[in-house]
Each structure stands twice: as structure tokens, then as C-alpha cells.
Amino acid sequence: MFQQIEKSIAAAVAAHIQIRYGVDFPVLLEQPKQTDFGEIAIPVAFQLAKQLKKAPRAIAQELVAELPPIAGVSGLEVAGNGYINVRLDRGLYAAGLLSGDAAASAPDTAGKIIVEHTNINPNKAAHIGHLRNAILGDTFVRMLRAMGTEVEVQNYIDNTGVQVADVVAGFQHLEHKTPADVAALIANPGRPFDYYCWDLYARVSSYYDGHPEAKQWRAETLHAIEANQGVEAELAHMVADAVVRAHIATMLRLGVVYDVLPRESEILHLQFWATAFEQLKERRAIHFETEGKNAGCWVMHAEAFLDSGATGEEADKIIVRSNGIVTYVGKDIAYQLWKFGLLGKDFYYREWVVYPNGHRLWVTTDQPQTATPRFGSAARVFNVIDSRQAYLQYVVAAGLRALGYTKEADRSIHFSYEMVALSPRTCVEMGIELSEADQRKPYVEVSGRKGLGVKADDLIDKLIENALREVDARHPEDPEEKRREVATQIAVGALRYFMLKFTRNSVIAFDFQEALSFEGETGPYVQYAAVRARNILRKLADRGLALPDFRSALGREAFARQLAQEDLWQLLLALSKVDVAIARAVDSGEPAHVARYAFQLAQSFNNFYHGYPVLAEQDPEKRVFLLWMCDYFRSQLDRTLAVLGIEAPEYM
RNA sequence: GCGCCCGUAGCUCAGCUGGAUAGAGCAAUUGGCUUCGAACCAAUAGGUCGGGAGUUCGAAUCUCUCCGGGCGCACCA
């Protein structure tokens with residue numbers, strides 16, 4: 001609705017400028033800083049001033065005087081030194097919202113988008129840094145889907161890498177465990193396997209520090225994994241599969257789901273790299289070095305991807321090592337090519353798990369399968385990866401460009417975000433000993449290698465526990481199962497909102513006290529507003545009254561009367577902008593915008609809630625109107641919360 | 001050394017493509033529960049938008065420079 005009016009205003013003004021001044025000018029609209037300036041501001045006079053060599057205010061006055069009437073607009077006025085402020089016809093606007101005039105937005109035809117997120121090394125439990133990645137990625141996916149875009153969600157599994165190898169080495173050489181022993185650990189419900197690996201990985205890492213010669217375990221294990229034989233390979237598969245299952249379960253607790261898990265093992269076994277390697281050699285995107293420090297390696301020359309700065313051997317990027325083994329970047333180039341359907345190969349797929357809602361998650365396999373879906377071949381790709389890997393992402397895109405795929409390189413988007421670190425206070429709470437250097441820092445980096453971090457499941461458990469205490473205190477009479485369900489919804493709301501309220505390039509210094517808060521700008525605050533609206537409607541039913549038929553009871557005139565009240569109009573206007581908020585967040589790639597929008601809606605509604613006792617309202621028209629506001633608020637906030645992956649509990 | 005990011009209220013952060021009096025939350029002080037349940041609301045106080053220069057009708061926002069902090073720059077991923 002709002003977008004339609006904006007469009008017609010922009011078109012009308014542009015058309016008039018064309019006729020009146022003979023210039024083509026894109027008309028941009030703004031949101032006025034202050035609500036009493038109207039609903040929309042047109043700053044076009046400022047831009048025209050230069051071209052027409054005329055005072056902005058004079059141009060604005062001419063435009064206001066001469067513009068033909070625009071549907072839905074009740075008035076235009078000149079303000080400041082050249083703004084044109086637009087006043088909407090409130091009654092007409094509200095009536096339009098009620099009748100659902102807002103035509104469904106046209107489905108996106110730009111093609112499928114792949115969003116890759118989570119990507120946790122399958123050798124340890126997920127921690128808060130991974131949560132930021134998954135929640136950011138999942139929310140972005142929900143935003144895109146809300147806009148009608150086809151999205152495929154991939155979670156890349158590096159099951160043949162160094163990190164898995166280290167844990168395998170730990171099982172073999174530090175714990176002398178057989179595959180049967182490890183199978184028993186995986187089956188043990190008493191201690192989650194990903195937690196076990198968390199500790200073991202830290203132990204192996206510190207053992208390496210004291211015994212550098214032990215690093216040959218890693219080399220041997222990697223070798224075995226690559227050849228796909230021996231106990232090492234067997235253990236690697238067991239570890240990776242079990243840990244991935246744990247990650248999938250952890251993320252499901254937060255409503256994060258995937259479509260497909262592409263695995264590195266298949267990239268290797270199905271010769272994805274070999275195919276990409278041929279392309280790269282053929283198109284001379286990489287070069288074999290016969291001398292210098294990179295002798296024996298295949299490298300991408302720095303000139304290919306650096307515009308300026310250091311070039312030459314130092315800056316060249318090694319793609320294939322002198323021992324013939326491809327680097328991560330090389331594999332990633334192959335994977336990225338596949339995502340765009342440029343590799344000329346595909347994986348086979350088998351079902352990994354069926355989610356409770358029936359959605360199927362697929363995993364890649366090297367064994368031919370029948371009747372499975374197809375993945376890949378997207379028009380655009382978003383890789384949700386933290387900003388520390390910007391350089392590598394840049395090299396991958398450069399690889400595509402070097403192959404001549406400039407369009408695809410441009411459509412390979414590194415959806416970057418800053419890391420989650422630990423606040424000094426939280427480190428103290430967790431009993432983490434800090435080095436002197438760390439103590440001086442404003443925050444401490446999480447490290448899986450050191451086992452330094454807050455595990456995702458621990459945090460979720462703690463949040464649920466806290467929420468449950470509150471729920472228990474308020475609703476002791478309710479069955480425990482129900483209370484736990486509500487507490488879980490609150491916990492998830494708190495966590496998802498916490499991770500989303502920061503813009504992407506702000507470092508989060510994770511602080512327990514802050515993350516566990518349910519007051520102020522938090523998920524539960526927003527959920528509470530939704531619950532309140534629902535309570536009003538439920539109370540109505542409890543009193544044996546039916547929800548009025550809004551369409552017959554409320555017309556343009558009634559709306560105009562009620563919306564003369566400024567705060568009510570402002571609330572309604574804000575509520576009507578869900579799609580605007582989502583579209584803006586998609587354009588800027590900033591899920592935080594949707595989170596903030598939800599918070600503002602909740603804030604406005606809480607204000608309304610205090611100012612207008614809906615059920616006690618005596619005036620019949622006003623009462624119906626207020627009920628409609630509650631109903632409309634509830635439905636608009638639900639849509640917004642759905643995009644954020646947050647549910648509104650039945651009660652709070 | 002080179003590259004990227006950040007510096008806004010005591011603290012944590014918003015501020016959309018430069019626009020009209022810089023906004024939230026927390027913390028502080030004060031007031032509000034007669035159930036549409038206070039996980040809330042209202043009010044007060046709190047800012048030279050790191051410093052300086054420039055661009056222009058206009059700069060927290062763009063450019064340059066300096067200061068302070070973070071992260072990258074492996075034959076690890």
C-alpha cells in the first residue's frame with residue numbers, strides 16, 4: 001500500500017517536472033525526520049535548484065501549486081527551505097489496508113539464489129560465533145523468501161580437512177581408541193559427542209604445541225582421508241557425520257534449517273577439483289612456477305586479483321602446493337563454479353534427515369542415486385562467512401574472473417560480518433584465564449583450537465532455564481510441558497534477536513548478562529507486545545463476544561475520524577510498512593533493519609496499549625476501530641517475527 | 001609495510017542512497033499495577049558524532065590527513 005502510493009507520487013512528480021521544466025529527473029522520496037512533517041517528503045527541489053539555477057523554495061512552491069491531484073494524497077506543502085511534504089488521505093489509506101488492496105508483490109524473476117551459511121568444521125560443538133553466522137544467514141534467507149525469491153540453503157561440510165584430522169589423531173594417538181570405541185562414544189547419551197570432540201580438539205592442539213613432531217599424525221591422517229582408506233578414514237567419517245548431526249540438531253532448536261549439505265569428500269571423489277583444475281590451466285588463470293619461493297606450485301598471479309599495492313611473488317596465491325595437493329581456495333573455486341552451474345558436473349544426493357515439518361535435508365554422495373532433486377546452478381550466490389576470510393573470498397571471485405566468468409564473479413557476494421568475541425566480564429565469569437595481552441584488549445577472540453568459547457547448546461540451555469524461571473513465577477498453574485514450550489520460544493526469541501540487533505560489521509563482545517536479558521531492546525520485549533495484542537482478542541472471546549466484522553463496520557469516513565488522533569495514525573502507518581522494511585533490509589543486506597523495525601512496532605504498540613483500554617472503550621465505532629488495530633498489529637508483527645525466525649508464545 | 005573494518009550519551013549500539021531540532025536500550029533519578037497482567041509505560045538528566053582540513057545551499061554520513069582500536073595479508077581452513 002505504502003509502496004504503491006510512493007510509486008504514484010514519484011511518477012506524478014517526475015511527469016510534471018518533465019512537462020514543466022523539460023528535464024528528466026528521477027524523483028527520490030524520503031521519510032521526514034519528524035512525524036508532524038507528514039508521511040513522505042520530496043526533496044526534489046534541492047536537486048533541481050542546481051540545474052534550473054533557481055532557489056529550491058521557489059521551485060517547491062511552483063510544484064505544489066501546479067501538481068495535479070494524486071490518488072491517496074490529501075495535501076502537499078512547502079516546508080523548510082524547499083522540502084515538499086506529503087499528507088496522505090488517512091481514511092482512504094486505512095480502508096485500503098483493511099480491504100487488502102495491497103497487490104501481492106510480483107515474484108522475483110531474477111533467478112535462484114544460493115545462500116551458504118553455518119559451515120562449521122565438523123570436529124567440535126558449535127559456539128556463539130557459529131550462531132551469529134547461522135542466524136544471520138537463516139534470517140537473510142527468510143527475508144529473501146518473503147520477497148518472493150527462490151532460495152537454496154547450503155551448509156558446506158569440510159569433512160576432510162585439518163580440523164577433523166586433528167580430532168581423529170587425538171582418538172588414535174592420545175586416546176588409543178578403535179572405531180568401535182568411538183562408536184560407543186557417539187551412542188553415549190550421557191555426554192554429547194560434539195562436546196567430547198570440543199575438549200579433545202583442544203587437547204590435541206595443545207599437545208602439538210608441546211610436541212611439534214606429533215604434527216605428522218595430522219599429515220598421515222589427511223593422507224588416509226584423501227585416499228579414503230584405513231582406520232583414519234573410517235574414523236574421520238564417523239566423527240564428521242556425528243558432529244554434523246549434532247550441529248543440525250543445535251540449529252534446528254533455533255529454527256535454522258538447510259536444503260543440502262555439500263561435502264568436501266564428494267568434491268574430491270567426484271573429481272570436481274580435477275575438472276576445475278583443467279579449466280584453470282586451459283584458460284591460463286593459474287601458472288606453474290619452476291623457480292623462486294613458489295617453485296613447484298600452481299599459483300594465481302597477484303596481478304589477476306589485486307588492482308594495486310604489492311604484486312609479484314609475495315602476493316601470488318598458491319592454488320596447488322608443490323606436493324600436488326590442492327589448497328582450500330582451489331577447492332572453493334571448484335565449489336563456487338558448481339554453484340553457478342559452470343563446472344559441467346553435479347553431485348549425487350541422498351536424504352540425510354527429514355525435519356519435523358517434513359522438509360527434507362539432502363547430503364552429497366559419490367554413489368549414483370535415482371530420483372533425487374537437483375541443486376546448484378544459481379543466478380546469484382551469497383556466502384555468509386566472517387570478515388576475517390574476506391581475502392580468501394576475494395581470491396575465489398578472482399578465480400572466476402580469471403576464467404572469464406566476470407558476471408558470476410560479480411554475483412558471488414561475500415555476505416560478511418564481524419566476529420563474536422567474549423567480553424572481559426564474561427571471561428572472568430567462565431573462569432577463563434587471560435594472558436596479560438588479552439587483559440588489555442576490549443574483548444577476547446573465541447578460539448575453537450584453544451577450546452575457548454561459549455558453546456551454542458550451553459547458551460540455549462541457559463536461556464531456556466532463565467526464561468522458565470520467569471514463566472514459572474507467572475504461570476505456576478500451567479502444565480510443565482506448556483511452560484517449557486513457552487520458555488523455549490522466549491529463549492530462541494532472545495537469542496535470535498540478540499544476534500540480529502547488531503549490524504553486520506559491528507564486533508559483538510558477547511556478554512552473558514546482556515544476552516540473557518529479557519528487558520528493553522530484546523526479543524522477549526517484542527514477543528510480549530504480540531502476546532498483549534493477542535490477550536485483548538482472547539479476552540474478548542472469553543467474554544462471549546465475537547470479533548466484529550471489520551469490513552462492514554469500518555469505512556473510509558470512520559477511519560478518517562479515528563485516525564485524526566495522531567498517535568493512532570502513526571502506529572497504523574508504521575504497521576503498514578512491513579514490506580518496506582523487509583525490502584530495505586534486503587537491499588542493504590542488513591537483517592538488523594528488520595529486527596529494529598520489529599522493536600519499533602512493539603514499542604509503539606506498548607504505548608498504544610497503555611493509552612487505550614480497548615475492551616473498556618464505550619464508543620462503539622472507536623471500540624471496533626481499536627480492536628481492528630490490535631488485530632492488524634498482531635498480523636503485521638507476526639509476519640515480521642516470522643522473517644526474524646521468532647515465534648510469539650501463547651502467553652508470557 | 002600493505003589491505004579491510006571500527007571510533008556517535010557513563011556502557012552497548014541505531015542513524016537507509018549527504019538533508020529539516022543526532023536517536024534507542026542499559027545504567028541513574030522520579031512517578032505509575034483497580035487484571036486488556038509491570039518481561040510494561042511515562043518523565044528527568046546525559047552528545048564539540050575521535051581531532052583537523054576540504055567538497056556544497058547543507059556533512060555523523062563524501063574526500064584527504066592525523067590519532068586511537070580491531071582483523072587480515074601461510075605450500076591452515
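All values derive from a computational prediction rather than experimental measurement. Within every chain, numbering begins at 1; the chains are lettered A, B, ... in the order of the sequence lines, protein sequences first and strands thereafter.
- Of the P atoms belonging to B:G15 and B:G7, the separation is 10 Å, rounded to the nearest Å.
- For an aromatic pair to be called close, the ring centres must be under 6.0 Å apart, and A:Y525 with A:Y528 fails this.
- Proximity note for A:E519 (side chain, C-beta onward) versus B:A38, B:C75, B:C40: the nearest is B:C40.
- Nearer the 5' end of RNA chain B, as judged by each residue's closest nucleotide, is the contact made by A:P613, out of A:P613 and A:V162.
- Separating the P atom of B:C71 from that of B:U48 is a span of 29 Å, rounded to the nearest Å.
- Residue contacts shown for A:S588 are absent, as no nucleic acid heavy atom lies under 4.0 Å away.
- Residue A:L392 is classed as a base contact, given a heavy-atom separation below 4.0 Å to a base.
- Not counting sequence neighbours, A:T640 has no partner by the side-chain hydrogen bond (donor to acceptor under 3.5 Å, both in side chains) test.
- In this structure, A:K33 and A:A602 both approach RNA chain B, and ranking their closest nucleotides by distance from the 5' end singles out A:K33.
- Judged by a 6.0 Å distance limit and a 45° cone about the ring axis, A:R504 is not positioned over the six-membered ring of A:Y417.
- Within 4.0 Å (heavy atoms only), A:R584 reaches at least one base atom of the nucleic acid.
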Pairs under 3.5 Å (N/O, protein and nucleotides 45-47 of chain B):
none

Nucleotide N/O to protein N/O under 3.5 Å, stretch nucleotides 42-44 of chain B:
from  : atom 1 : to     : atom 2 : distance (Å)
B:A42 : OP1    : A:N607 : ND2    : 2.8

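- Under 3.5 Å, the side chain of A:N606 and the base of B:A39 form no donor-acceptor pair of N or O atoms.
- For residues 468-478 of chain A, proximity to RNA chain B is found at A:E470, A:V471, A:R474, defined as any non-hydrogen atom under 4.0 angstrom from a strand atom.
- To the nearest whole angstrom, the two C1' atoms, one in B:C16 and one in B:G23, are 14 Å apart.
- When ring centroids are compared, A:F633 and A:W628 stay outside the 6.0 Å threshold.
- Note on A:F37: a base of the nucleic acid sits closer than 4.0 angstrom, heavy atoms only.
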List, one per line, each side-chain donor-acceptor pair under 3.5 Å for residues 467-476 of chain A, sequence neighbours excluded.
from   : atom 1 : to     : atom 2 : distance (Å)
A:R469 : NH2    : A:N466 : OD1    : 2.8
A:E470 : OE1    : A:R474 : NH2    : 2.5
A:D472 : OD1    : A:R483 : NH1    : 2.8
A:R474 : NE     : A:E470 : O      : 3.3
A:H475 : NE2    : A:M652 : O      : 2.8

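- At a threshold of 4.0 angstrom between heavy atoms, the contacts of A:A45 with the nucleic acid are absent.
- The gap from the C1' atom of B:U8 to that of B:G25 amounts to 15 Å, rounded to the nearest Å.
- RNA chain B lies under 4.0 Å from at least one heavy atom of each of the following residues of residues 418-427 of chain A: A:E418, A:M419.
- Separating the OH atom of A:Y443 from the P atom of B:G69 is a distance of 12 Å, rounded to the nearest angstrom.
- We find that NZ of A:K441 is positioned 12 Å from P of B:G69, with the value rounded to whole Å.
- Note on A:N85: a base of the nucleic acid sits closer than 4.0 angstrom, heavy atoms only.
- Taking the ring axis of A:F512 as reference, the NZ or CZ atom of A:K462 stays within 45° of it and closer than 6.0 Å to the ring centre.
- For A:Y391, whose side chain is taken as the heavy atoms from C-beta onward, the closest listed nucleotide among B:G72, B:C13, B:A24 is B:G72.
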